[in-house]
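These notes concern the structure reproduced below.
It should be emphasised that the depicted structure is a prediction, and the values quoted were computed from it without experimental measurement.
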Amino acid sequence: MIRYTLRCDKDHSFESWFQSSSAYDSQVKRKLVSCPVCGSANVDKAIMAPRIVSRKGRDKAPPPA
């Protein structure tokens, strides 16, 4: 599953989950994705910052009891 932040042609922003990037492309092409605010089917992926977890944060062990 992949989550995209989407934006419609009226500048409303919303999120949606898709099975894959090709599933997103297929659904947008068939006008199956629409803005929950205004109903516009003219949507595009918004610019998103990647979610990065540093190695330092992953390797921290909880403090001893």
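- Between H12 and C38 the shortest side-chain heavy-atom distance falls below 4.5 Å.
- Closest approach of S20 to S22, counting heavy atoms only: OG-OG, 3.0 Å.
- Counting non-hydrogen atoms of other residues, nucleotides and ligands closer than 6.0 Å to CD of E15 gives a total above 12.
- Between R7 and D11 there is a salt bridge, since at least one side-chain N of the basic residue sits less than 4.0 Å from a carboxylate O of the acidic one.
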Quiz item: Does the side-chain contact (heavy atoms from CB on, under 4.5 Å) test come out yes or no for S34 and S40, once each step is laid out?
Solution: CA-CA 5 Å; S34 61; S40 173; over 6 Å; no
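- Taking both residues in full, the closest heavy atoms of Y24 and L6 are given as CE1-CD2, 3.6 Å, listed atom of the first, atom of the second, then distance.
- Interatomic distance, S21 OG to K45 NZ, rounded to the nearest 0.5 Å: 6.0 Å.
- Summarising the geometry, atom OG1 belonging to T5 is positioned 10.0 Å from atom CZ belonging to F14; distances are rounded to the nearest 0.5 Å.
- Under a hydrophobic clustering in which Ile, Leu, Val, Met, Phe, Trp and Tyr are joined whenever their side-chain heavy atoms come within less than 4.5 Å, directly or via other members, V33 and I2 fall into the same cluster.
- Remark: the K10 side chain and the N42 side chain contain no N/O donor-acceptor pair separated by less than 3.5 Å.
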Exercise. Begin with the C-alpha distance, continue with both residues' side-chain angles, and end with the deciding distance and a verdict on side-chain contact (heavy atoms from CB on, under 4.5 Å) for Q27 and F18.
Key: CA-CA 9 Å; Q27 290 179 34; F18 298 90; 3.5 Å; yes
